[in-house]
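See structure below.
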Amino acid sequence: MPELPEVEVVRRGLEKWVVGASFGEVEVLHPRAVRRHASGAADFAARVSGCGVTEARRRGKYLWLTLDSGEALLAHLGMSGQLLVQPRHAAAERHLRVRLPLTARQGHDPEAPQELRFVDQRTFGHLLVDRLVDDGTGTGLPSVISHIARDPLDPAFDEDAFAAALCRKRTELKRALLDQSLISGIGNIYADEALWMSQLHWATPTEALSRSQVATLLAAVREVMGAALAQGGTSFDSLYVNVNGESGYFARSLNAYGRNDQPCARCGTPIQRETFMNRSSYSCPRCQPRPRHARA
DNA sequence: ATGAGGACCTGCTCGC
DNA sequence: TGCGAGCAGGTCCTCA
């Protein structure tokens, strides 16, 4: 499931293959793919068709293409979404949801027309067209994601403000890490990996965290994400495919996630799986002891 | 206002 | 062999 590094790799792919091109006649094959576009599938297609693409941007797990109409084509990949650039006449993928034909641009062979495709098996992802608002630094941000916090790789990410907001929360640490309005880009896998690295239990009450623990945790988040990004957006999931259809999955040694009953790389104690928020959390019971004052 | 938990969705795997 | 249950989980929505 794509988290920040995977989405960034897709953004880079879009920057390379789509920026500078224009869209032809857009076709929505599954209405659920544009369910967040308030005025419907036909309006969505009309707003994108014919527009030129000027930039590919990202915040957390959201990415968007700025259009020469002044609006933005916003995408969230959900759990299984892919943005592929394919030859226009290539066979349709099984879960093809939206076709966005591309006009030839400099460097493209006009005899081999291409198409941006939104493919999504589980349909948790979506596309929509939105207006841009000022993000506070003069940069445009789609209005519907104005509640999404900056991500830890954003140069304007405010570490002090994050630490203060985190400690004001009255909840469990992992829930806060997954709260995209507090810090964006972190999903279940990177949350478990960052917690393992910083030797914190997922149920640690946020109000009990010291500033140095928050600093350690943030460094771990950046380390884990940076390492994945350096590998080209390791997703740990075979469903993840980058913009050219090349699998982004590489065997990567995870230290916690998915390693139930396997020895902790630090101390050898078997990693334990616990259910939390209706999903799995993996941690080392020795390196990451459950805090005595854990919630619930 | 804030936190907690369920719904959404499809495909795969496992056990009976 | 067939089939239902369980699992995967990001985000939005509702309820307390």
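Here is the naming used below: chain letters follow the sequence lines, and residue numbers restart at 1 for every chain.
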Using whole Å, report how far NE2 of A/His147 lies from P of C/dG10.
15 Å
Would you say A/Arg266 has more than 12 foreign heavy atoms packed within less than 6.0 Å of its CZ?
yes
Over all strands shown, is A/Arg94 touching base, sugar-phosphate only, or nothing at heavy-atom distances under 4.0 angstrom?
sugar-phosphate
Take the protein atom CZ of A/Arg59 and the nucleotide atom P of C/dG10, then report the distance between them rounded to whole Å.
19 Å
Quick one: which of A/Leu100, A/Val18, A/Leu127 gives a side-chain contact (heavy atoms from CB on, under 4.5 Å) with A/Leu65?
A/Val18
Given the structure, check if the side chain of A/Arg122 and the base of C/dG10 hold any donor-acceptor pair shorter than 3.5 Å.
no
Look at the rings of A/Tyr62 and A/His126 and say which category their plane angle falls in: under 30° parallel, 30 to 60° tilted, over 60° perpendicular.
perpendicular
So which nucleotide from C/dA8, B/dG3, B/dC8 ends up closest to the side chain of A/Arg32?
B/dC8
Under 6.0 Å from the six-membered ring centre of A/Trp202 and within 45° of its axis: does the NZ or CZ of A/Arg290 meet both?
yes
Would you mind telling me which residue lines up with the more 5' stretch of DNA chain B, A/Asn278 or A/Asp179, judged by nearest nucleotide?
A/Asp179
Can you tell me how far C1' of B/dA4 sits from NZ of A/Lys169, to the nearest Å?
12 Å
Atom-pair distance (CG on A/Leu127; P on C/dG10), nearest Å:
19 Å
Take the protein atom CG of A/Asp120 and the nucleotide atom C1' of B/dG11, then report the distance between them rounded to whole Å.
13 Å
A/Arg36 side chain, from C-beta outward: closest of C/dC7, C/dC13, B/dA7
C/dC13
Would you kindly give the CZ-to-P distance between A/Arg97 and B/dT10, to the nearest whole Å?
7 Å
Atom pair distance, as rounded to whole Å: NE2 in A/His126 and P in C/dT11:
9 Å
Counting any heavy atom closer than 4.0 Å, what does A/Phe276 reach on the DNA or RNA strands: base, sugar-phosphate only, or nothing?
nothing
Value in whole Å for how far the C1' atom of B/dC12 lies from CD of A/Gln121
9 Å
Have a look at A/Arg168 and say if it touches a base, only the backbone sugar-phosphate, or nothing, with a 4.0 Å heavy-atom cut-off.
nothing
If you check every side-chain atom of A/His95, which of C/dC13, B/dT10, B/dA4 has the closest atom?
B/dT10
Taking CZ in A/Arg131 as the centre, count heavy atoms belonging to other residues, nucleotides or ligands within less than 6.0 Å. Is the count above 12?
no
